[in-house]
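Heads up: the structure comes next, in structure tokens.
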Amino acid sequence: MRVSRQIKKHRLRTLVIRNIEEISPEAFNKVFPHVPERYHFFKTLDESKFDQFNFYYILAYDKKQLVGAAPCFTVNYSLDTGLNGPLRHLTNGIKKLFPNIFIFKTLVCGIPMGQGQIGISGFSMAVMESIEQRIEALARKIKVPFIAFKDFDRSYEHFLNPLLKKNYLRIDGLPMTRLDLEFKDFDEYLKKLSRATRYDFRRKLKKASSVKIESSVVNSLDEAALDEIYELYLQEAEAHGIGFEIVPKDFFRLISKNMPQETAFFLFRINGKLAAFAYCLVSEGVLLDYYLGFDYTPAHEYHLYFLKFKEIMNWCLARGIKTYEMGQKGYATKRRLGFELVEVFLYVRVRHKILRICFKCLQALRQKPQ
């Protein structure tokens, strides 16, 4: 493997580990960004036994000091991801005859279910270059044709844009959504919305108040509640076609064990039956609204999505939480509610020339309006 002069000068050494527990929490968190998904989040991923992912961690050392950390995973990626309309119908037809024709194993830097982060300290570009070269070496070792840096925002452009000179393509990802909680209470928040949105929101909350809804916030679940939320989670995943990152039931059990102070389950019951839930991760003044589940009959009738939003916002305001982040879908509703869209990008390298040509063609087609 070629080592750059810069890396030689600083004598950086890289290491690949398969389990986050091979390094101490203190060392990892010292170099990793101050985001909710840190050491114990990755520990939960390792322990949850995902069927579709294998996890790796790239570590960079200057002598004995850790100066870089990059979480990675492998996944089977379908080249027709993102296609719509007639082209998607065409590829679906081809897959009926050849089910795996578009699927290729991919080594991804980032996490399956959130925004990409890399821990970089000390020599910065030298650290990033050493991580990228180790990722390339790992891809060769495990015979992976695709490498991707997934969902990194513009703050990483300085580190990732040089990859464009190494046959990487930069692709627009699905934006993240974020709301800065710069108001003292929910009424003040409502005043910042348009008149029509404010009227519609109040109408929905009035309908929700017509039935007794029991709400609670807990940081762990008993087995019965775990079964309930997981059933709703799977219904939500099926309804919205979420196949890339289906999390095992153990994830919801273990996240409570590994991150009890950062975990919050918002539960909403009607006549004792769970009608909606939200799993949230809270840390560093940020709440990530990660996973939702609804029993859609009462959820639609009583507008539980909006009730859930209000309850979580009030909970945040009472605890001085300044940022509320949600998922990568439902943009029209979230914009009406005041969320801003945060651009993220994928940097993708196809290691084989013929596949690279096919991938570029598919990306060009994907970007055309259907």
Side-chain angles (χ1 to χ4, degrees), residues 36-37 40-53 55 73 75-76 111-114 174 177 204-205 207-260 262-282 287-313 315 324-330 333-334:
E37 304 102 325
H40 287 94
F41 185 85
F42 296 116
K43 182 174 185 288
T44 301
L45 297 186
D46 287 343
E47 295 174 345
S48 295
K49 296 181 174 60
F50 284 79
D51 291 332
Q52 68 271 51
F53 307 123
F55 294 100
F73 63 96
V75 64
N76 288 328
I111 60 175
M113 63 286 290
L174 292 174
T177 53
K204 287 179 167 66
L205 293 178
K207 179 64 177 180
S209 68
S210 67
V211 65
K212 184 178 180 181
I213 300 174
E214 300 173 5
S215 63
S216 60
V217 186
V218 298
N219 66 359
S220 64
L221 303 167
D222 60 28
E223 286 301 311
L226 181 62
D227 289 342
E228 287 181 298
I229 70 121
Y230 199 65
E231 181 181 355
L232 295 188
Y233 164 73
L234 290 179
Q235 290 178 17
E236 183 76 9
E238 182 178 0
H240 292 279
I242 302 172
F244 178 72
E245 57 169 272
I246 296 292
V247 300
K249 186 188 293 186
D250 272 349
F251 173 85
F252 294 106
R253 179 187 293 113
L254 292 167
I255 198 73
S256 299
K257 175 185 174 184
N258 292 332
M259 304 180 70
E262 294 87 3
T263 293
F265 291 98
F266 293 79
L267 308 177
F268 301 87
R269 296 182 179 275
I270 298 176
N271 297 324
K273 182 181 179 182
L274 188 67
F277 87 92
Y279 158 66
C280 300
L281 192 60
V282 187
L287 180 138
L288 301 181
D289 194 339
Y290 245 112
Y291 293 118
L292 305 174
F294 294 100
D295 180 343
Y296 275 100
T297 300
H300 285 153
E301 182 176 359
Y302 299 112
H303 306 291
L304 296 187
Y305 179 91
F306 293 88
L307 178 65
K308 180 271 308 181
F309 174 74
K310 177 189 175 184
E311 292 294 319
I312 292 178
M313 179 179 287
W315 191 86
Y324 183 178
E325 296 185 3
M326 293 181 75
Q328 294 173 287
K329 292 190 176 182
T333 298
K334 289 168 186 173

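Basis for what follows: all heavy atoms, side chains included, without hydrogens, waters or symmetry-related copies.
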Task: Distance (rounded to the nearest 0.5 Å) between Leu281 CG and Leu287 CG - done: 8.0 Å
- [ ] Check side-chain contact (heavy atoms from CB on, under 4.5 Å) between Ala276 and all other residues, then give those that pass, not counting sequence neighbours.
- [x] Phe268, Phe294, Leu304
Task: Donor-acceptor contact present, side-chain Gln52 to main-chain Ile246, <3.5 Å - done: yes
For a quick test of your reading: what N or O donor-acceptor pairs under 3.5 Å do the side chains of residues 40-47 make, sequence neighbours left out?
from	atom 1	to	atom 2	distance (Å)
Lys43	NZ	Glu47	OE2	2.7
Lys43	NZ	Asn258	OD1	3.2
Thr44	OG1	His40	O	2.9
Thr44	OG1	Asn258	ND2	3.0
Asp46	OD1	Tyr57	OH	2.9
Asp46	OD2	Ile20	N	2.9
Asp46	OD2	Tyr57	OH	3.3
Glu47	OE1	Asn258	ND2	3.1

Task: Tyr324: partners by ring-ring contact (aromatic ring centres under 6.0 Å, His included), with sequence neighbours left out - done: Phe309, Phe339
Task: Any Ile229 side-chain heavy atom under 4.5 Å of Phe265 side chain - done: yes
TODO: Go through the structure and list residues passing ring-ring contact (aromatic ring centres under 6.0 Å, His included) with Tyr305, not counting sequence neighbours.
DONE: none
Open item on the list: For Tyr296, run the side chain to side chain donor-acceptor pair (under 3.5 Å) check against Gln235, Glu236, Glu301 and tell me which one passes.
Closed with: Glu236
TODO: Step by step, work out the side-chain contact (heavy atoms from CB on, under 4.5 Å) result for Lys308 and Asp289.
DONE: CA-CA 10 Å; Lys308 180 271 308 181; Asp289 194 339; 2.9 Å; yes
Task: side chain to side chain donor-acceptor pair (under 3.5 Å) against Tyr290, all qualifying residues, sequence neighbours excluded - done: Glu37
Open item on the list: Tell me every residue that passes ring-ring contact (aromatic ring centres under 6.0 Å, His included) with Phe50, counting only those two or more places apart in sequence or in another chain.
Closed with: Phe53, Phe55
Open item on the list: To the closest 0.5 Å, what do you measure between OH (Tyr230) and CG (Asp250)?
Closed with: 9.0 Å
- [ ] Quick one: closest heavy-atom pair of Ala264 and Trp315, and the distance?
- [x] CB-CH2, 4.2 Å
Open item on the list: If the condition is salt bridge (Lys or Arg N to Asp or Glu O under 4.0 Å), which residues does Lys212 pass it with, not counting sequence neighbours?
Closed with: none
Task: All salt bridge (Lys or Arg N to Asp or Glu O under 4.0 Å) counterparts of Glu228, not counting sequence neighbours - done: Arg269
- [ ] Could you note down all residue pairs passing salt bridge (charged side-chain N to carboxylate O under 4.0 Å, His left out) where residues 270-280 supplies at least one of them, sequence neighbours left out?
- [x] Lys273-Asp295
Task: Nearest-0.5 Å distance, SG of residue Cys280 to CD of residue Glu325 - done: 11.5 Å
Task: For Met113 against Tyr291, the heavy-atom pair lying closest together - done: CB-OH, 3.2 Å
TODO: Check the pair Phe252 / Tyr233 against ring-ring contact (aromatic ring centres under 6.0 Å, His included), numbers first and verdict last.
DONE: CA-CA 11 Å; Phe252 294 106; Tyr233 164 73; 5.5 Å; yes
Could you tabulate the donor-acceptor pairs under 3.5 Å formed by side-chain atoms of residues 216-224, not counting sequence neighbours?
from	atom 1	to	atom 2	distance (Å)
Asn219	ND2	Pro260	O	3.2
Asp222	OD1	Ala224	N	3.2
Asp222	OD1	Ala225	N	2.7
Glu223	OE1	Arg253	NH2	3.0
Glu223	OE2	Arg253	NE	3.2
Glu223	OE2	Arg253	NH2	3.3

Task: From CG (Asp227) to CG (Leu232), nearest 0.5 Å - done: 11.0 Å
Task: By salt bridge (Lys or Arg N to Asp or Glu O under 4.0 Å) - contacts of Lys207 (at least two apart) - done: none
Open item on the list: Can you tell me how far apart CG (Leu307) and CD1 (Ile312) are? Round to the nearest 0.5 Å.
Closed with: 10.0 Å
TODO: Measure across Met259 and Pro36 and return the closest heavy-atom pair with its distance rounded to 0.1 Å.
DONE: CE-O, 3.5 Å
- [ ] Output the distance between atom CG (Leu205) and atom OH (Tyr302), rounded to the nearest 0.5 Å.
- [x] 15.0 Å
- [ ] Not counting sequence neighbours, which residues clear salt bridge (Lys or Arg N to Asp or Glu O under 4.0 Å) with Lys334? List them please.
- [x] none
- [ ] Fit a plane to each ring of Phe306 and His303, take the angle between them on a 0 to 90° scale, and name the class: parallel (under 30°), tilted (30 to 60°) or perpendicular (over 60°).
- [x] perpendicular
